[in-house]
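Encoded as structure tokens, the structure appears first; notes follow it.
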2 protein chains.
Amino acid sequence: MATITIKDVAREANVSVASVSRALNGGSGVTAETGQRIRDVALRLRYIPHAAARMLITRRTNTIGALLPDLYGEFFSELIRGIDLAARAHGLHLLVSSSHDSSEDAAAALRAMQGRVDGMLIMSAHVDDAFLRANLPEDLPTVLINSPVQDEAYRVINVDNYAGARAMTKHLIDTGHQDIAFIAGPENNFDAQQRENGYRAAMAKYASKVEPVVVAGDFTEEAGFRAGEALLARKKRPNAVFAANDMMAVGCMHAFREAGVCVPQDIALAGFDDIPVARYVAPPLSTVRVRIVDLGRSALEAVASMLENPDHQVTAGPTFGCEIVVRETCGARGAPASHE
Amino acid sequence: MATITIKDVAREANVSVASVSRALNGGSGVTAETGQRIRDVALRLRYIPHAAARMLITRRTNTIGALLPDLYGEFFSELIRGIDLAARAHGLHLLVSSSHDSSEDAAAALRAMQGRVDGMLIMSAHVDDAFLRANLPEDLPTVLINSPVQDEAYRVINVDNYAGARAMTKHLIDTGHQDIAFIAGPENNFDAQQRENGYRAAMAKYASKVEPVVVAGDFTEEAGFRAGEALLARKKRPNAVFAANDMMAVGCMHAFREAGVCVPQDIALAGFDDIPVARYVAPPLSTVRVRIVDLGRSALEAVASMLENPDHQVTAGPTFGCEIVVRETCGARGAPASHE
DNA sequence: AGCAGCCATGAAAACGTTTACGTTCCCGCC
DNA sequence: GGCGGGAACGTAAACGTTTTCATGGCTGCT
């Protein structure tokens, strides 16, 4: 109970607290022999340095904060997994604050983390340059994930949504679908916008005769379902649908199935993200794969490197590539695929 | 740059540091007038108390740690969401360490959190009484989630897997399926065992003539797929399959579909968890719903209450109920259900 | 033998708070 | 008018580390 401190170890080992500190940290400045003795005592006493005291004097918390939006299912867990893995590899702790759906909300969370973290990982629809300047100490190493922020001061790691969406749209066109409708994501969402841009660019270039069709969505299955219904109700039914994320694609597929519309025979379908479940829906969903774990990992590693050499200039992180994954819903495969 | 401390505020407001502390915390022991002046100054200087210094003297971190296993997708994110929401509501921070797949791994993570948290939330297949005694300070408020630990000293919050599995099995039997096979979860997993027990109990009681059939699994879609194949290959094919979790059910459904076996006409299917995607697979999956968000929330609230009144005796948490959700795969519904 | 210099070690300051304890002041009551 | 008491406020100790600086002993060289 009475928590034991460095002094207890020092007394027990017949040395000063300074030596204990040295033995337990660098190890230099102390004889190998006494060092070992000290470590033995520390182990025997189950001594654990008081984190707060150390933070106070060291001015390092060995913790990085992750500010995440109200993310759904697979994406969230994969992202966290990547972040967490990398954090552990770097000996860093992870302070998480998720499910933020308003700007004030995020600001409050950001302020609350003040002083408890050495660096920040921020992914949120609500952050822009002004927000960051207002709520973030300018010297706090920060990495933005999938953010529209252009400010040179912040390092940003983005998924190349544009290229991914463009490639998938082109693929759909190449396999014979010209009338492609797009189910958009939330309006203020950066990824969603980029994906829509990619879709529009491919349409303009490879299917210039047809007018792009974009219906609203918000990344939820529910929205996908409604969008699917809406598309079927149109006078000119598209022959392919490209949803801004997999969840909406799944919802859309659900709508089609209930209406008796066959995928991909009657209408092709594609999503974005390649969430694990994409391959298990029926039929398996063609989509654009984002290596989410790697995204989280490299985001954390960017912060880690920033606080390992603080002088090092922030370099614009490379965008994170995606690849299209052709399964069955896009109609490019004749026979059912084998289990991958 | 030069971080501003309580002294700066004190000097600027012409008071002592003690008054600043009082004004900013309790507010008592200081005139309303000076209190306001101090708060104004603090705001103007953007003063933020140094968390570590406060922890050091207060001996409270206002942080709780969450030790989680290598959880998949939806379950993980829902759980974290619940925990995070409750934590924010209580003004607590959340230190997360996930993806632990070995006992040493978990022990290391646990030790690393030592002193940085006021309480712990632990969900892991690898913890048992001995593990906890060895790696956890006995006075650290701790709540175990879905754990087999029986020790009175720890508060445990469990999902009532047994009752849920029993109910679903009974439901399958009631709707005309007697030959029910069970796809088991990981061997050392407590939830998995409880679910299997529930299945066996229901079989023994309501379908005593048929021998229970249990095939191995590990909670992954892959395992479900293989189990599905294996079940189809049996000489006496079951007319219903109950998977220990939804992921395996989805994998199993995939196997059935590839084999041309129709669900639920040829064979009924049920899962466990009600992950969000369960309703979007085709056909929508009957399953046992676990209110994961609530589980996380109440786990955190249990810890919170423990550290709000430390003397309060730990009370055995109530098990967390489940309810069966009848969709289409169990064959109990004639027509396709409407979108819920 | 003496001296320079290195190395192990200890003493003490510092980090930024909270809080126990004094001090001062003012008010009311005898 | 003196005196008791409470409220506002200040002083300083304490929390448990790390780290700078001083000290002493030893080594190796001249």
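Residue numbers start from 1 in every chain, and the chains themselves are labelled A, B, ... in the order their sequence lines are given, proteins ahead of strands.
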Counting distance alone, no hydrogens or angles: does the base of dG10(D) have a donor or acceptor under 3.5 Å from a partner atom on the side chain of R22(B)?
yes
Options [options], nucleotide nearest the side-chain atoms of [X]:
X: I6(A); options: dT18(D), dT18(C), dT19(C); answer: dT18(D)
X: A53(A); options: dC15(C), dT17(D), dT18(C); answer: dT17(D)
X: A18(A); options: dT19(D), dT17(C), dG16(D); answer: dT19(D)
X: R59(A); options: dC15(D), dG16(C), dT18(D); answer: dG16(C)
X: T31(A); options: dG10(D), dA8(C), dG16(C); answer: dA8(C)
X: S16(B); options: dG10(C), dG16(C), dG10(D); answer: dG10(D)

Report yes if at least one side-chain N or O of [X] is closer than 4.0 Å to OP1 or OP2 of [N]; otherwise report no.
X: S21(A); N: dT18(D); result: yes
X: T34(A); N: dT9(C); result: yes
X: S19(A); N: dG10(C); result: yes
X: R54(B); N: dT18(C); result: yes

Out of curiosity, S77(B) OG to D84(B) CG, how far, rounded to the nearest 0.5 Å?
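Result: 12.0 Å between the selected atoms.
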Would you check if the side chain of N161(A) reaches a backbone N or O of V159(A) as a donor-acceptor pair within less than 3.5 Å?
yes
If we ignore angles and hydrogens, is there a donor and acceptor under 3.5 Å between the side chains of Q36(A) and D40(A)?
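Note: Q36(A) and D40(A) side chains meet the donor-acceptor criterion.
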Please determine, by modelled atom types, if T63(B) and R116(A) share a side-chain donor-acceptor pair under 3.5 angstrom.
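The criterion, which ignores hydrogens and geometry beyond distance, is satisfied for R116(A) and T63(B).
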Mind calculating the distance between CZ (R11(A)) and P (dA11(C)) to the nearest angstrom?
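For the pair R11(A) CZ and dA11(C) P, the rounded distance is 14 Å.
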Rounded to the Å, how far apart are L24(A) CG and dT19(D) P?
13 Å
Pick base, sugar-phosphate or nothing for N14(A), based on heavy-atom distances below 4.0 Å to the nucleic acid.
sugar-phosphate
Is the closest basic N to carboxylate O distance between E12(B) and R44(B) below 4.0 Å?
yes
Along DNA chain C (nearest heavy atom to each residue), the more 5'-positioned of S28(A) and T5(B)
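The answer here is S28(A).
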